[in-house]
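Following: one structure in structure tokens, then a few remarks.
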Amino acid sequence: MFCEKAIELIRELQRMGDGQLPAFNEDGIRQVLEEMKALYQQNQSDVNEAKTEGRNELIPTIKFRHCCLIRNQRCITAYLYDRLLRIRALRWEYGSVLPTAIRFHMCAEELEWFNQYKKSLATYMRSLGGEEGLDITQDVKPPKSLYIEVRCLKDHGEFEIDDGTIILLKKNSQHFLPRWKCEQLIRQGVLEHVVS
């Protein structure tokens, strides 16, 4: 039936929760584009036949196919736009380095878009707040305290805080650190916030 593949693409996104990115359905996109090409070719031949032979009874069929073409186009656009919104949200959640599992679900064009977005955001952040810039991806939620207790989930190496103190982040070690210095590492899965 017409437009079923396109609607299935939208349903696939709806089944995934917010913040999750399903694998890019290249096969589904290709099937929808092939259906659109077939509908367009059928319409072209019917339009030519209606013009040359004066067959007005073909006009409702032509209009129906045209509506299907527009619906398929809108579904594909919605699918791609929703994926871009999810990828943009992942940049704010995970930082500039996405986990491999998420990168695996992205197509090459989406990875390129993510890298361009990352560069644009970095350029904007450097333009704010003087020489060093301002990292607007840090405190997404207002902090309750300036320092938090964290546990290291994996070996990370040396970590320097503002006063010049160097802390060695080894697996299962616990530290009391400034929240803004370790939020990025928490998002990347290097540290976890210990709630007392």
Open item on the list: Run the side chain to side chain contact (heavy atoms under 4.5 Å, CB included) test on L185 and V150 for me, step by step, so that the C-alpha distance in whole Å, both residues' side-chain angles and the decisive distance to 0.1 Å come before the verdict.
Closed with: CA-CA 10 Å; L185 293 174; V150 292; over 6 Å; no

Task: Test side chain to side chain donor-acceptor pair (under 3.5 Å) applied to N48 and Q44, step by step - done: CA-CA 6 Å; N48 290 338; Q44 282 297 101; 5.2 Å; no

TODO: Evaluate side chain to side chain contact (heavy atoms under 4.5 Å, CB included) for F159 paired with K181, printing each intermediate quantity in order.
DONE: CA-CA 9 Å; F159 183 69; K181 284 296 275 187; 4.0 Å; yes

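In this structure, H66 places its NE2 atom where only 12 or fewer heavy-atom neighbours from other residues, nucleotides or ligands lie under 6.0 Å away. The environment of CD in E53 is crowded: more than 12 heavy-atom neighbours from other residues, nucleotides or ligands sit within 6.0 Å. Counting heavy-atom neighbours within 6.0 Å of E12 CD, excluding the residue itself, gives a total above 12.
Comment: E8 engages R15 in a salt bridge, judged by a side-chain N to carboxylate O separation of less than 4.0 angstrom. We find that R83 and E110 are joined by a salt bridge, their nearest charged nitrogen and carboxylate oxygen being less than 4.0 Å apart.
In this structure the side chain of Y79 reaches within 4.5 angstrom of the side chain of N25, judged on heavy atoms. Two residues are said to be in side-chain contact when any heavy atoms from C-beta on lie closer than 4.5 Å; I148 and I186 meet this criterion. Side-chain contact between L146 and R179 is absent, with no heavy atoms from C-beta onward closer than 4.5 Å. P22 is listed as a side-chain neighbour of R86, based on a closest heavy-atom distance under 4.5 Å. Two residues are said to be in side-chain contact when any heavy atoms from C-beta on lie closer than 4.5 Å; D27 and R30 meet this criterion.
To the nearest 0.5 Å, atoms CG (L98) and CZ (F114) are separated by 3.5 Å. In this structure, L9 CG and D82 CG are separated by 11.5 Å, a value rounded to the nearest 0.5 Å. Between the SG atom of C75 and the CD1 atom of I70 there is a distance of 12.0 Å, given to the nearest 0.5 Å. Of the inter-residue distances, the one linking Q20 atom CD with H105 atom NE2 reads 9.5 Å to the nearest 0.5 angstrom. The NZ atom of K37 lies 10.5 Å from the CG atom of L33; values are rounded to the nearest 0.5 Å. N72 contributes atom CG, which lies 12.0 Å from atom CD of E34 (distance to the nearest 0.5 angstrom).
Grouping the Ile, Leu, Val, Met, Phe, Trp and Tyr side chains by contacts below 4.5 angstrom, directly or via other members, places Y94 with Y117. Both W92 and W113 are members of a single hydrophobic cluster when ILVMFWY side chains are connected at heavy-atom separations under 4.5 Å. Hydrophobic cluster membership differs between F24 and I7, with clusters built from Ile, Leu, Val, Met, Phe, Trp and Tyr side chains linked at under 4.5 angstrom. Cluster membership for M16 and I87, using ILVMFWY side-chain heavy atoms within less than 4.5 angstrom, is not shared. Note on M125 and L90: same hydrophobic cluster, where clusters join Ile, Leu, Val, Met, Phe, Trp and Tyr whose side-chain heavy atoms are under 4.5 Å apart, directly or indirectly.
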Which pairs would a plain distance check flag for residues 57-64, meaning a side-chain donor or acceptor within less than 3.5 Å of a matching protein atom at least two apart in sequence or in another chain?
{"unit_1": "E57", "atom_1": "OE2", "unit_2": "R55", "atom_2": "NE", "d": "2.9"}
{"unit_1": "E57", "atom_1": "OE2", "unit_2": "R55", "atom_2": "NH2", "d": "3.3"}

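Partner R151 forms a side chain to side chain donor-acceptor pair (under 3.5 Å) with one of H175, Q174, H193 and no other, that one being Q174. Considering Q188, K119, R91 in turn, R91 is the only one that fulfils the side chain to side chain contact (heavy atoms under 4.5 Å, CB included) rule with S96.
C68 approaches L39 most closely through the heavy-atom pair CB-CD1, 3.8 Å. Annotation for C182 and L191: closest pair CB-CD1, 3.6 Å, computed over non-hydrogen atoms.
Remark: the backbone N or O of R187 is not paired with any side-chain donor or acceptor of E93 at under 3.5 angstrom.
Y40 is linked by a ring-ring contact (aromatic ring centres under 6.0 Å, His included) to nothing, counting only residues two or more places apart in sequence or in another chain.
Grouping Ile, Leu, Val, Met, Phe, Trp and Tyr by side-chain contacts under 4.5 Å, direct or through others, puts L85 with Y81.
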